[in-house]
Amino acid sequence: MHETSKDHIHNFMGLIRLEKNKSTIIADALNEGARLNKTIYNENVRKNRLILLHLIEVTLLLGKQELAFRGHDERSASSNQGNFCEVFNLLIKRNDELLLHYNKISNVFTGQFK
């Protein structure tokens, strides 16, 4: 009697529809995850390129002005870390977004820019 009731038939049809759409739901979730990962990756690439652009600009400026790149004492406690580090730090500190990104990826760089 229950199997022939209106509610049972309605729920059974809903279950069948859900099973047919299960693969679509999973595929949609995977596509959304892939899209989100791609967006995050592209944003990191954009920020890396901006940092690299600043590094190149500092290099070009010092080369054009025929200035030394390194200082005598480039340790982070030094008051004068050399032209390259000082100019790069000046540029990067002016952009909070890039400063946060640089601090996040600073273990990739071997030089001292802080």
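One is the number of the first residue; the rest follow in order along the sequence.
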In one Ile/Leu/Val/Met/Phe/Trp/Tyr side-chain cluster, 4.5 Å: [X], [Y]:
{"X": "V45", "Y": "L53", "result": "no"}
{"X": "V87", "Y": "I56", "result": "yes"}
{"X": "L91", "Y": "L67", "result": "yes"}

Which distance, rounded to the nearest 0.5 Å, do you find between the [atom1] of [X] and the [atom2] of [Y]?
{"X": "L98", "Y": "I105", "atom1": "CG", "atom2": "CD1", "answer": "9.0 Å"}
{"X": "S5", "Y": "N11", "atom1": "OG", "atom2": "CG", "answer": "8.5 Å"}
{"X": "I51", "Y": "L99", "atom1": "CD1", "atom2": "CG", "answer": "9.0 Å"}
{"X": "I40", "Y": "N44", "atom1": "CD1", "atom2": "CG", "answer": "8.0 Å"}

Without swapping roles, check the side chain of N83 against the backbone of A68 for a donor-acceptor pair under 3.5 Å.
yes
Do any N or O atoms from the side chain of E86 and from the backbone of Q81 form a donor-acceptor pair under 3.5 angstrom?
yes
Name the orientation class of the two ring planes belonging to Y102 and F88 (parallel below 30°, tilted from 30 to 60°, perpendicular beyond 60°).
perpendicular
Side-chain donor-acceptor pairs of residues 57-65 under 3.5 Å, sequence neighbours excluded:
| unit_1 | atom_1 | unit_2 | atom_2 | d |
| --- | --- | --- | --- | --- |
| T59 | OG1 | L55 | O | 2.8 |

Got a sec, which pairs hit side-chain hydrogen bond (donor to acceptor under 3.5 Å, both in side chains) with one end in residues 46-56, sequence neighbours left out?
E43-R46, R46-E97, N48-H101
Taking only residues two or more places apart in sequence or in another chain, which ones pass salt bridge (charged side-chain N to carboxylate O under 4.0 Å, His left out) with E32?
R35
